Amino acid sequence: MTPSATFSPCLIIPCYNHGPMMAGVLESLRPFGLPCIVVDDGSDLQTAEELQHLESLTPWMSLTRLTVNQGKGGAVMAALRLAAGKGFTHALQVDADGQHQLSDVPAMLAEARSYPDCLISGQPVYDDSVPKSRLYGRYITHFWVWIETLSFSVKDSMCGFRVYPLRPCLQLMAKKNLGLRMDFDTEIMVRLYWQGTRSRFLPTRVTYPEDGLSHFDAVKDNLQISWMHTRLFFGMLRRIPYLLKQRKNRPEHWSSTQERKGLWGIRLMLSVYRTLGYNAFRLLLYPVITYFWLTGHKQRNASARWLERVRVTAAHRHIPLPYPLSTFRHFMRFGESMLSKLASWQGDKTLTDAVLVNPDICESHITSGRGTLILASHLGDIESCRAIGSLSHRITVNALVFTEHAERFNQVMKEINPQAVVNLIQVNQMGPETAILLQEKLDAGEWVAIVGDRTSASHHQRGEHSRMIYSEFMGKTAAFPQGPFILAAALRAPVMLMFGIMQQKRLHIYCESFADPLILPRANRLPALQAAVDHYAARLEHYSLLAPHDWFNFYDFWQHPADVASDRKPE
């Protein structure tokens, strides 16, 4: 179907004992000039009489009464069938409890007109009136829906403010019995996705009125929702080939890939962690990581290539591997590192839980009172800088990050643990302003952590060889960013290497003095820079062989600009 004059929408409202609210809802909908189908889902006598009275006063409203309460899903499906029977092509569902921002109706209809084959849904923006239990419950459902669809495109599956395309809905309802209660909204969206009907989302404000009436039964409805997710999960398993085929190709370079979770996801993980505890949450990692392992084709291939390179390098250098290598265990170690982050942010895991291999080196930097630059990497637990900071409350560790989420991430950190000693500093590029900011931090005796192992997508896309330097790593030439090393030289501060890797089921933190300071003489700047990067690459390789599963660069680390350019050329 393409946008055309055949777009014919109506309104549908399932109602169960919301008689006092219906007059206000209908009055808010009146300006839109749409026919409205109200389904009375076996309401009490007071609501039934109120709805009959409203029907007599509202010529654009038609009323149908179900003699026995069917549940929200049953009422919506009855309304969808009635709408299709009247010749409408789309039905905009509005709940009767007054939660929805009805001024968004024109935007919802415009989106449906532009994308008539899609399910158009509100993406709730909540205020402080939302009950926390309902909010966290939604996050858990979002998580399962992502698994059931093998996609992050479904941003919210529980909002009752949506525009249904009637033809695919009736096709689905004809062959499948859908949930009749609060499980309906999620199940129909997931099954429509399986059927080929995608969802589009528009942000909309949702409030919970103080005098609002909710029919959500915490025990009964949660059990039905749990059973629904069980059915959908096993239904997803046989659809995996189809669902994977529908996934879009990923961008070429690692830093072009969007993050796969928002800050609300971090809050959700923390909530689950606080409720279940460390050990129980660790068990939940297995289905989560299994999902990512199954769906992350590109990352899984990158893991396999990395582990093969580890095997070849270790054999060539006659170095025994610490454990059998496995792509799944590689993914699991990454998941465990995320759990360690939660514990660290929560304050449950500190330096006492780890082994500080060279304590004298770290303590000497602390007692000197001088600001220190930490050269870290994406090998192992970068959160070890937080543990280092907790050695002394006088030390503040600033992590330099190239991400737009730094400010909000800092806010979450402070919400979790006001005593957190790591600050995230957001920068867009390595320039003079960055150097000035970091110099101020170092002059105040603070520490600054920066990773030295990742180049940016913009360097690759523009072929900026001058901002990269090549060094041998694991038997093959890899690109490293010049910026961290040039910055270290400009700051004239002590530079320390730090690696936090898992050995014998305990985090081992290694600290090494790298330079004091790092000097890049003008006369032979390039050779000195090459030597510094070679030294860093050699130490990165050393610790990678000690803990291969701690390598968290799930992309082609040896990708060169020419490779990206050739990938972009048309065939």
Side-chain angles (χ1 to χ4, degrees), residues 251-257 259 302 306 372-380 382 385 398-406 424-439 442 447-474 476-493 495-499 512 514-515 517-520 525-544 551-565:
E252 289 88 348
H253 192 264
W254 69 270
S255 57
S256 299
T257 304
E259 295 183 11
W306 160 255
T372 298
L373 183 69
I374 301 172
L375 263 181
S377 69
H378 291 86
L379 174 73
I382 303 177
C385 359
N398 303 278
L400 192 69
V401 294
F402 296 87
T403 171
E404 62 182 6
H405 301 304
L424 299 185
I425 300 176
Q426 174 193 352
V427 296
N428 294 321
Q429 59 183 355
M430 201 80 72
E433 299 83 1
T434 302
I436 293 172
L437 173 62
L438 299 186
Q439 189 67 66
L442 293 169
W447 291 14
V448 174
I450 183 171
V451 295
D453 60 337
R454 284 189 180 179
T455 57
S456 73
S458 61
H459 297 167
H460 285 257
Q461 290 166 1
R462 294 194 296 263
E464 294 179 349
H465 296 257
S466 61
R467 296 191 181 185
M468 295 179 287
I469 192 163
Y470 294 89
S471 183
E472 184 173 313
F473 175 67
M474 303 294 287
K476 187 177 179 181
T477 302
F480 290 85
Q482 292 187 11
F485 302 92
I486 294 175
L487 180 64
L491 294 173
R492 309 288 292 181
V495 183
M496 185 169 66
L497 296 182
M498 180 186 297
F499 300 93
E512 293 186 10
F514 187 76
L518 177 61
I519 299 176
L520 301 177
R525 180 183 179 87
L526 188 57
L529 178 61
Q530 184 70 59
V533 174
D534 288 345
H535 182 196
Y536 174 82
R539 300 314 293 161
L540 180 62
E541 178 179 301
H542 169 77
Y543 290 106
S544 297
W551 179 256
F552 298 149
N553 288 311
F554 288 91
Y555 65 95
D556 185 0
F557 190 78
W558 293 267
Q559 182 186 56
H560 289 191
D563 299 332
V564 178

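Just so you know, these numbers come straight off a predicted model, no measurement behind them.
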Side chain to side chain contact (heavy atoms under 4.5 Å, CB included), that's the test. Do S377 and Y543 meet it? Break it down for me. CA-CA 11 Å; S377 69; Y543 290 106; over 6 Å; no

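- Side-chain contact between F557 and M474 is absent, with no heavy atoms from C-beta onward closer than 4.5 Å.
- The aromatic ring centroids of F485 and F480 lie 6.0 Å or more from each other.
- Summarising the geometry, atom CG belonging to L497 is positioned 5.5 Å from atom CZ belonging to F514; distances are rounded to the nearest 0.5 Å.
- Using a distance-only test at 3.5 Å, with no hydrogens or angles considered, a donor-acceptor pair links the side chain of D453 to the main chain of H378.
- Of all heavy-atom pairs spanning G452 and P481, the tightest one is O-CD, 3.5 Å.
- I450 and L373 get closest at one heavy-atom pair: CG2-CD1, 4.0 Å.
- The backbone N or O of D534 lies less than 3.5 Å from no partner atom in the side chain of E472, so there is not a single donor-acceptor pair.
- Considering CE of M496 and OG1 of T372, their distance stands at 6.0 Å, rounded to 0.5 Å.
- Between the side chain of D556 and the backbone N or O of W558 there is at least one donor-acceptor pair closer than 3.5 Å.
- I519 places a side-chain heavy atom less than 4.5 Å from the side chain of R492.
- Side-chain contact between W551 and L540 is present, with heavy atoms from C-beta onward closer than 4.5 Å.
- Of all the heavy atoms in A479 and Y470, the pair that sits closest is CB-CE2, 3.6 Å.
- If you take CD on Q530 and CD on Q482, they are separated by 9.0 Å, rounding to the nearest 0.5 Å.
- Counting heavy atoms from C-beta outward, Y536 and P484 have side chains that stay 4.5 Å or more apart.
- Rounded to the nearest 0.5 angstrom, L491 CG and I486 CD1 are separated by 12.0 Å.
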